[in-house]
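This report concerns only the one structure given below.
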Amino acid sequence: TEPVGYANAEAAMWLMALWPAVTLAAGKRVPWPVRGIAAALAVVLLDVALLSQSRGSILALPVCAVLLVAIVPGRLRTIAVLIPVLGAAAAALPKVLDVGDALDGTDVGAVRDAAGAVTSTVLLLALAAGVVVALVAAWETLRPPAPATAARVRKAWTIVVVAGAIVGAAGGLVAIGNPVDRLDSAWHSFKGGYDDNTGSGSRLTSGLGSNRYDFYRVSLDVFADHPILGVGADNFFQDYLKRGDSTETPRNPHNLALRTLVQTGIVGTLLLLTAFGAALVAGWRAMRGADPLTATVAGGAVLAFLYWVVHGMTDWFWEWAGLGAPAFALLGLACALAPRRVEEPAGDAEPTRAPARPRAVVLVLAGAALVIGALAIAGPWQAERDVEQAGAVFAQRPFASYSRLDRAADLDPFSDRPALIEGSIALRYGDLARARTAFEQALDRNPRGQYATLELGAIASVQGDRARALALLRRAVALAPRDGTAQEALAVVREGGTVDIAALNRRILSAGQRITSG
């Protein structure tokens, strides 16, 4: 999972770089040593990504491979490069999977041996693939074949590729058996959630079971209720607490398309599709330009972005700036390579002078827009830093934490997080008055905040306001019907008892602690 910290995002970090590596390895205008290095890097990127055992990446890889062959110029050359790259990566696969098997055990020495074996194996196979690609590229560059010979080679290679595709498709159908049955089994695995009986073993062969189906179901239900403008950014969490079936508490649907639909509705989705479409059209023009090197670079950049989109259909990649920033930067690179249209004057006519633009006004407006955008981003960013620093020092300097949290609340006027954390810190110090004020402020910003409602109900119970406690705890249960902690707290107050706030908060973090003090 390292250095990203999340297995699916970790795999995507390596696989986004895979596509530029493959296109550079296949690029005719790329120097032959660079082509060999790029092919070797592609092998390393593939095998390192497999260490994450990301099922989302396994689904995204073939889709992007098809897009690579379909839209990037020079598909025959690309297929020729993919053969040694995929062959070398596949040859290292057993050693890659051995690392996961070793980690399932308790023998540290076995883990170290498996890691050493996979390192040497992957590097040797990557070197072999790189040498093969570099030698062929050097022969092509230093001793280019005659046009007639090149045409015959392309024709023969086309026949080989088509025949290989047919044989591969037939072999795949034989291997998987009845495709309808396999699809039906995969659908039931996807709908069935996590399989508790899988135990250990590779996640790559553990089926499609997860809670994604439930996330998607709730997403579509929420979109159906708010189709035009959506429910607003990052508001899925509250709806899933109320409508979901699983014990997970996702903050977003784990799907780029559904997240856009749910949060911004049809209006936001159309705006995003327009932006993506315009950029991809520019990237397409760059790939179809006259310069082969430009087409190679643009193709790799577009495929890296498309991988982010495709894999983002099963994971929450919008949250990872380390993935989103390079994806959009590479898409911007492809756009920048699109050819410009230059109008030449006809005959002896003098070139027409374009009317002078009010450059000063344009620059001022653009600068003002950039400043406003920077301020809009800087506020929440600094607020998040203040929240993190407040959490780091509250045990030694609680009032310094309160001060930072107050500033964070001012910098990000839409977030309830600073108030929630202030209330939690106040509860640790037994300051019920401050905690109550903080949680009430959190509810002012997010009236559907279940955690703040639950804590306010517990505080009202301790302060002897049974009617208020019952009302708040009933609402906490209504906001999250599957929350056993809220249900138990409500039962305690109904029976005339008092909620033990310390035990309540321990219960939120770990199940099993009783939350009554009498």
Side-chain angles (χ1 to χ4, degrees), residues 192-194 196 210-222 225 231-232 234-254 262 316 415-428 432 435-436 438-463 465-518:
Y194 288 105
D196 295 331
S210 72
N211 291 320
R212 296 289 199 275
Y213 174 82
D214 198 46
F215 301 168
Y216 299 168
R217 176 189 63 79
V218 173
S219 300
L220 292 174
D221 289 345
V222 174
D225 293 341
V231 296
D234 292 330
N235 286 331
F236 176 75
F237 174 71
Q238 313 297 337
D239 286 295
Y240 190 80
L241 286 180
K242 187 171 184 178
R243 304 188 188 202
D245 292 332
S246 76
T247 57
E248 287 193 71
T249 55
R251 294 193 172 275
N252 57 70
H254 288 52
V262 170
W316 43 299
S415 174
D416 60 346
R417 190 162 179 249
L420 292 175
I421 294 177
E422 181 175 350
S424 300
I425 293 173
L427 287 180
R428 293 213 177 188
L432 296 185
R436 177 173 175 171
F439 287 126
E440 287 174 345
Q441 290 173 350
L443 283 184
D444 287 340
R445 294 190 174 189
N446 180 13
R448 296 194 297 163
Q450 195 261 355
Y451 173 65
T453 305
L454 176 60
E455 294 287 12
L456 284 172
I459 292 171
S461 167
V462 172
Q463 292 178 336
D465 191 345
R466 185 171 182 273
R468 175 178 166 81
L470 284 171
L472 288 166
L473 293 174
R474 286 194 188 102
R475 176 159 175 75
V477 171
L479 289 170
R482 304 180 313 283
D483 185 359
T485 301
Q487 294 172 2
E488 186 176 342
L490 177 59
V492 167
V493 176
R494 278 176 173 167
E495 294 170 3
T498 301
V499 176
D500 184 336
I501 294 179
L504 172 76
N505 289 325
R506 287 194 296 270
R507 174 68 176 274
I508 290 173
L509 297 176
S510 61
Q513 174 73 43
R514 290 184 61 81
I515 58 175
T516 178
S517 62

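The first residue of the sequence shown is numbered 1, and numbering continues consecutively from there.
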Does I459 reach the side chain of V462, with side-chain heavy atoms less than 4.5 Å apart? no
Which residues share a side-chain contact (heavy atoms from CB on, under 4.5 Å) with S424, sequence neighbours left out: F439, Y451
Does atom CZ of R466 have more than 12 heavy-atom neighbours from other groups under 6.0 Å away? yes
Please examine the side chains of L470 and R494, heavy atoms only from C-beta on, and report whether any two atoms are closer than 4.5 Å. yes
How close do V499 and V492 get, heavy atom to heavy atom, and via which atoms? N-CG1, 4.2 Å
Is it true that the NZ or CZ of R243 lies under 6.0 Å from the centre of F236's six-membered ring and within 45 degrees of the ring axis? no
Just wondering, do R475 and L443 contact through their side chains at under 4.5 Å, heavy atoms? no
Going by side-chain contact (heavy atoms from CB on, under 4.5 Å), D483 matches just one of T247, V477, L454. Which one? L454
Are V222 and N235 packed together at the side-chain level, in the sense that at least one heavy-atom pair is separated by less than 4.5 angstrom? no
From the list R448, K242, R474, Q238, side-chain contact (heavy atoms from CB on, under 4.5 Å) with L479 holds only for R448
Validation row: R217, D214 side chains within 4.5 angstrom (heavy atoms): yes
Give me the atom names and distance for the closest heavy-atom approach of V493 to A469. CG1-CB, 4.2 Å
Nearest heavy-atom contact between R482 and S246 is NE-O, 2.7 Å
Does the side-chain contact (heavy atoms from CB on, under 4.5 Å) test come out yes or no for L509 and R507, once each step is laid out? CA-CA 5 Å; L509 297 176; R507 174 68 176 274; over 6 Å; no
Quick one: does L473's side chain get under 4.5 Å of T453's, heavy atoms only? no
Check the pair R468, Q463 against side-chain hydrogen bond (donor to acceptor under 3.5 Å, both in side chains), reporting the backbone distance first and the verdict last. CA-CA 10 Å; R468 175 178 166 81; Q463 292 178 336; over 6 Å; no
Donor-acceptor pair, side chain of R251 and main chain of F237, under 3.5 angstrom: no
Any side-chain heavy atom of L420 sitting closer than 4.5 Å to one from N446? no
Quick check for you: to the nearest 0.5 Å, what is the distance between I501 atom CD1 and E455 atom CD? 7.0 Å
Is it the case that over 12 heavy atoms from other parts of the model lie below 6.0 angstrom from the CZ atom of R428? no
Starting at CD of E248, measure out to CG of N211 and round the result to the nearest 0.5 Å. 4.5 Å
Closest non-hydrogen atom pair between A438 and G423, with its separation: CB-N, 3.6 Å
Do the rings of Y240 and F215 sit parallel, tilted or perpendicular, given the 30° and 60° boundaries? perpendicular
What are the two closest non-hydrogen atoms of Q487 and P481, and how far apart are they? NE2-O, 2.5 Å
